[in-house]
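These notes concern the structure reproduced below.
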Number of protein chains: 2
Amino acid sequence: MYRLLVADDHPLFREAMVAVISRGLSGSETLEAASLAAAIGVVAQHDDLDLALLDLGLPDAEGLSGLAQLRQAAPWLPVVIVSAEQHKQTILEALNLGAVGYIPKSTPRDALLAALQQVLAGQVYLPPDIMRGSQPGSAAPPPTPSQLASLTGKQREVLAHMVKGESNKMIAYRLDIAETTVKTHVSAILRKLRVSSRVQAILLASERDDAVR
Amino acid sequence: MYRLLVADDHPLFREAMVAVISRGLSGSETLEAASLAAAIGVVAQHDDLDLALLDLGLPDAEGLSGLAQLRQAAPWLPVVIVSAEQHKQTILEALNLGAVGYIPKSTPRDALLAALQQVLAGQVYLPPDIMRGSQPGSAAPPPTPSQLASLTGKQREVLAHMVKGESNKMIAYRLDIAETTVKTHVSAILRKLRVSSRVQAILLASERDDAVR
DNA sequence: AATGGCCTCCTACCAAGGGAGGAGGCCGGC
DNA sequence: GCCGGCCTCCTCCCTTGGTAGGAGGCCATT
């Protein structure tokens with residue numbers, strides 16, 4: 001009926017998930033991947049998948065960057081995040097990155113099944129608690145507190161120029177360093193901020209540019 | 001010797017300019033145009049022109065859009081901007097649009113002549129003060145009041161996704177159109193917003209995203 | 001003295017962004 | 001009807017962005 005991909009590094013959890021699916025969505029086929037790289041490999045060869053279940057915390061994908069990479073590799077593939085984490089901010093960012101749902105690992109089996117059916121039907125599934133809380137923007141727990149703090153001095157400096165809309169070449173000129181060096185810094189920034197493009201880094205940074213100024 | 005086009009809506013100024021040219025560049029021929037439309041008509045029929053002097057503030061051309069149109073109509077034709085304005089930002093944008101020089105109307109006759117000879121020789125002429133001022137980025141005037149309003153529906157839609165940090169590919173997926181179409185829209189957006197990169201467009205739009213939401 | 005972090009720079013390579021130009025379909029105003 | 005704006009899509013081409021990996025210099029801690 002459906003073709004699903006389960007990407008999780010815990011074999012046990014994968015098994016459980018597959019069991020739930022095979023029992024609840026009879027006739028469905030499941031593929032498995034123990035790493036992000038494997039998952040990307042799978043989706044590259046199977047363009048007929050209906051849904052991917054992606055665990056946050058894969059060894060080769062730090063958090064949401066895995067989602068970004070997977071979505072990049074296969075924009076046509078709906079992805080549901082399956083995670084132990086439940087921070088509101090993480091969930092919102094996942095949606096922002098194109099996830100069609102977010103399923104906490106603590107979800108009971110029947111609710112999990114319902115959630116899967118919901119996203120397979122084209123809906124978005126979110127844990128009930130996140131939907132009832134206050135507005136996404138308001139009174140949110142310090143969303144991205146520490147990632148900016150982990151940047152080194154030069155990296156912060158480069159980021160400040162990025163936020164002004166400057167190209168790598170311009171930044172190099174302004175800071176009087178080589179463009180390749182700027183690229184090095186930019187790559188480091190993207191990695192630390194766990195995003196996959198300059199634009200996302202800029203948006204993240206300018207949301208709370210307090211840290212940059 | 002040279003064939004020049006003087007596009008300015010003030011007859012008096014045109015005359016003065018023509019006088020300077022005929023005296024300083026003996027043997028040169030000058031054509032005149034009192035509007036952008038006329039200028040475009042002239043260049044369409046004279047493909048042997050060496051240079052166009054374009055006034056900003058022509059009645060049928062709002063500022064730099066006149067330059068854009070003229071350059072579009074005749075990309076082979078070098079254009080020097082002649083303007084009363086001297087805002088640094090305007091000058092930079094003019095160069096960005098392909099102008100080969102920028103001559104303030106306040107320029108004394110001999111300097112003006114020197115400037116013309118300079119651009120006819122293939123050089124770029126800029127008012128001396130601009131070259132020495134502080135960084136281009138600083139103290140920029142709030143340039144964009146209503147450009148967002150000039151965007152079409154789909155363009156606004158695409159921009160809204162850009163602002164969320166999505167790539168062209170993702171936007172194409174979301175809007176269910178081809179990536180090339182997205183690129184077309186993005187190009188149009190950049191042109192209308194008078195910026196030269198996606199990041200700048202995003203920053204501009206999200207400054208006052210009131211227009212996008 | 002050695003280690004490790006940071007900054008610098010490089011090559012090489014691949015993906016994404018953006019411009020130019022052309023083309024067809026749709027729709028609304030003249 | 002025709003024309004112009006908008007949306008769609010394409011090809012070709014170049015620039016920019018980003019990753020990978022290696023390398024040398026500086027400096028503080030150990």
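Everything quoted here is computed from the prediction, not taken from an experiment. Every chain is numbered from 1 and lettered A, B, ... according to where its sequence line falls, protein lines coming before strand lines.
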Q | Contact nearer the 5' end of DNA chain D, comparing B:Thr180 with B:Lys154 | A | B:Lys154
Q. Out of B:Thr180, B:Thr181, B:Val186, B:Val158, which one pairs with B:Asn168 under the side-chain contact (heavy atoms from CB on, under 4.5 Å) rule?
A. B:Val186
(Q) Considering every strand and a 4.0 Å limit on heavy-atom distances, what is the contact class for A:Ser187: base, sugar-phosphate, or nothing? (A) base
Q | Shortest non-hydrogen separation from A:Val163 to A:Ile202 and the atoms involved | A | CA-CG2, 4.0 Å
Q.
If I take atom CD in residue A:Gln200 and atom C1' in nucleotide D:dG17, what distance separates them, rounded to the nearest angstrom?
A. 13 Å
(Q) Could you tell me how far apart B:Leu190 (CG) and C:dG17 (P) are, to the nearest whole angstrom? (A) 12 Å
(Q) Any base atoms under 4.0 Å from B:Ser197, or only sugar-phosphate, or nothing? Heavy atoms, all strands. (A) sugar-phosphate
Q) How about A:Tyr173: does its OH atom have over 12 heavy atoms from other parts shown lying under 6.0 Å from it? A) no
Q.
Does A:Thr181 reach a base, just sugar-phosphate, or nothing at all? Heavy atoms under 4.0 Å.
A. base
Q) Can you name the nearest heavy-atom pair linking A:Met162 to A:Ala201, along with the distance? A) CE-CB, 4.3 Å
Q: Any chance you could lay out the side-chain hydrogen bond (donor to acceptor under 3.5 Å, both in side chains) test for A:Gln200 and B:Lys164, step after step, and finish with the verdict?
A: CA-CA 8 Å; A:Gln200 290 167 7; B:Lys164 290 199 268 179; over 6 Å; no
Q | Between D:dT19 (P) and A:His185 (NE2): distance, integer Å | A | 14 Å
Q.
Between P on C:dT11 and CD on A:Glu179, what's the gap in Å once rounded to a whole number?
A. 12 Å
Q) CE of A:Met170 versus C1' of D:dG17: gap in Å, rounded? A) 14 Å
Q) Think B:Asn168 has a side-chain N or O under 4.0 angstrom from the OP1 or OP2 of C:dG17? A) yes
Q | Closest to the B:Thr184 side chain, choosing from C:dC9, D:dT8, C:dG17 | A | D:dT8
Q) What's the CZ-C1' distance between B:Arg198 and D:dG18, to the nearest Å? A) 15 Å
Q: Kindly point out which of C:dA16, C:dC6, C:dC10 is positioned nearest to the side chain of A:Thr152?
A: C:dC6
Q: To the nearest Å, give me how far apart NZ (B:Lys183) and C1' (D:dC10) are.
A: 11 Å
Q. What is the distance from CD1 of A:Ile202 to C1' of D:dT16, rounded to the nearest Å?
A. 13 Å
